[in-house]
Amino acid sequence: MSVQLQKRLFTVKEYHLMGETGILSEAERVELIEGEIIQMAAIGTRHATAVRRLNRLFHRLPEDRVIVDVQNPVQLSERTEPQPDVVLLQFRDDDYETAHPVPSEVLLLVEVADSTVDNDRNVKIPIYARSLIQEVWLVNLVENSLEVYRQPTPNGYSLILNLYPGQEVAPIAFPDFTVSVDLILSAGDRTSSTPEQ
């Protein structure tokens, strides 16, 4: 007779305690996904460049309306706390000093992926949908495209747009802020994104 082994899943509180007690060091690149501690992939130069471009781009938005957060935690549930590449958060005077942001405070979440495209698309994005994150962008460095996910449901996003160089998109939260796919994926024309007035 075979016995089914059970995984020992962790809560966000236990995960944080591991960091506080030194079980997990600050140097370790890990995130908590559905109770499991997942080692994050090393950041390659193209990935890092895309994150820098997004950071610079989103800092054109009015600073009294949004906080641009780079590679910091978002607590989605008691067992899930990923560290997305870029997140646009609702503005708060305290800069989220008392707790990590939660789904209702996320205006846009962006993952940049090269070696992790399948994991981001098949594991993380469905979790973001179940958490009701209103909009997720996946910068797909393998296919040189931008995947835009909108209209979250418990079964995934009901609207998915695949955009390529030469195309533009505006975040739902900032409809007047047009973003060129070229601007994210390559140096391109840096004048093609317009800040919201």
Is any NZ, NE, NH1 or NH2 atom of the basic residue among K7 and E34 found under 4.0 Å from an Asp or Glu carboxylate oxygen of the other? no

Where the side chain of D95 meets the backbone of E97, is there a donor-acceptor pair that is under 3.5 Å apart? no

Using the test ring pair (Phe, Tyr, Trp, His ring centres under 6.0 Å), find all partners of Y157 that sit at least two apart in sequence or belong to another chain. Y149

How far does CD of E78 sit from NZ of K13, to the nearest 0.5 angstrom? 9.5 Å

Main-chain N/O of L9 paired with R79 side-chain donor or acceptor, under 3.5 Å: yes

Under 4.5 Å between side-chain heavy atoms, counting indirect links through other Ile/Leu/Val/Met/Phe/Trp/Tyr residues: same cluster for L185 and F58 or not? yes

Sorted by chain and number, sequence neighbours left out, ring pair (Phe, Tyr, Trp, His ring centres under 6.0 Å) with H59 holds for none

Any donor-acceptor pair under 3.5 Å from R46 side chain to L141 backbone: yes

Assigning hydrophobic clusters by single linkage (Ile, Leu, Val, Met, Phe, Trp, Tyr; side-chain heavy-atom cutoff under 4.5 Å), is L89 placed with W137? no

Only one of L109, V102, L76 forms a side chain to side chain contact (heavy atoms under 4.5 Å, CB included) with S131, so which one is it? L76

Those residues at least two apart in sequence (or on a different chain) that pass side-chain contact (heavy atoms from CB on, under 4.5 Å) with Q151 are S158, L159

Does a sphere of radius 6.0 Å around CD in Q167 hold more than 12 heavy atoms from other residues, nucleotides or ligands, not counting ones at 6.0 Å or beyond? yes

Quick check for you: to the nearest 0.5 Å, what is the distance between E168 atom CD and D182 atom CG? 8.5 Å

Of all residues at least two apart in sequence or in a different chain, which pass the side-chain contact (heavy atoms from CB on, under 4.5 Å) check with Q134? L107, I172, A173

In this structure, OG1 of T116 is separated from NE2 of H47 (nearest 0.5 Å) by 6.0 Å

When rounded to the nearest 0.5 angstrom, what distance separates OG1 in T11 from CD in E14? 3.5 Å

Report yes or no: does E36 contribute a side-chain atom to a donor-acceptor pair with the main-chain N or O of I38 at less than 3.5 Å? no

Any donor-acceptor N/O pair, D85 side chain to V112 backbone, under 3.5 Å: yes

Side-chain donor or acceptor of R130 paired with backbone N/O of T153 under 3.5 Å: no

Taking the six-membered ring of Y96 (Phe, Tyr or Trp), confirm whether the NZ or CZ of R92 is under 6.0 Å from its centre and within 45° of its axis. yes

Kindly give the heavy-atom pair with the smallest separation between T80 and I33, and that separation in Å. OG1-C, 4.0 Å

Within a radius of less than 6.0 Å around CD of E26, do more than 12 heavy atoms belonging to other residues, nucleotides or ligands occur? no

Are Y128 and V74 connected in a single hydrophobic cluster, I mean Ile/Leu/Val/Met/Phe/Trp/Tyr linked by side-chain heavy atoms less than 4.5 Å apart? yes

With hydrophobic residues grouped by side-chain heavy-atom distances under 4.5 Å, do V70 and V179 end up in a single group? yes

D69 side chain to N72 backbone, donor-acceptor under 3.5 Å: no

Suppose clustering is done on Ile, Leu, Val, Met, Phe, Trp and Tyr with side-chain heavy atoms closer than 4.5 Å. Which residues sit in the same group as I23? F10, V12, Y15, M18, L24, V30, L32, I37

Assess whether side chain to side chain contact (heavy atoms under 4.5 Å, CB included) is satisfied between E135 and V148, documenting all intermediate values. CA-CA 7 Å; E135 183 171 19; V148 176; 3.6 Å; yes

Path from V169 to L57 over hydrophobic side-chain contacts below 4.5 Å: yes

Partners meeting side-chain contact (heavy atoms from CB on, under 4.5 Å) with N119 (sequence neighbours left out): V123, K124

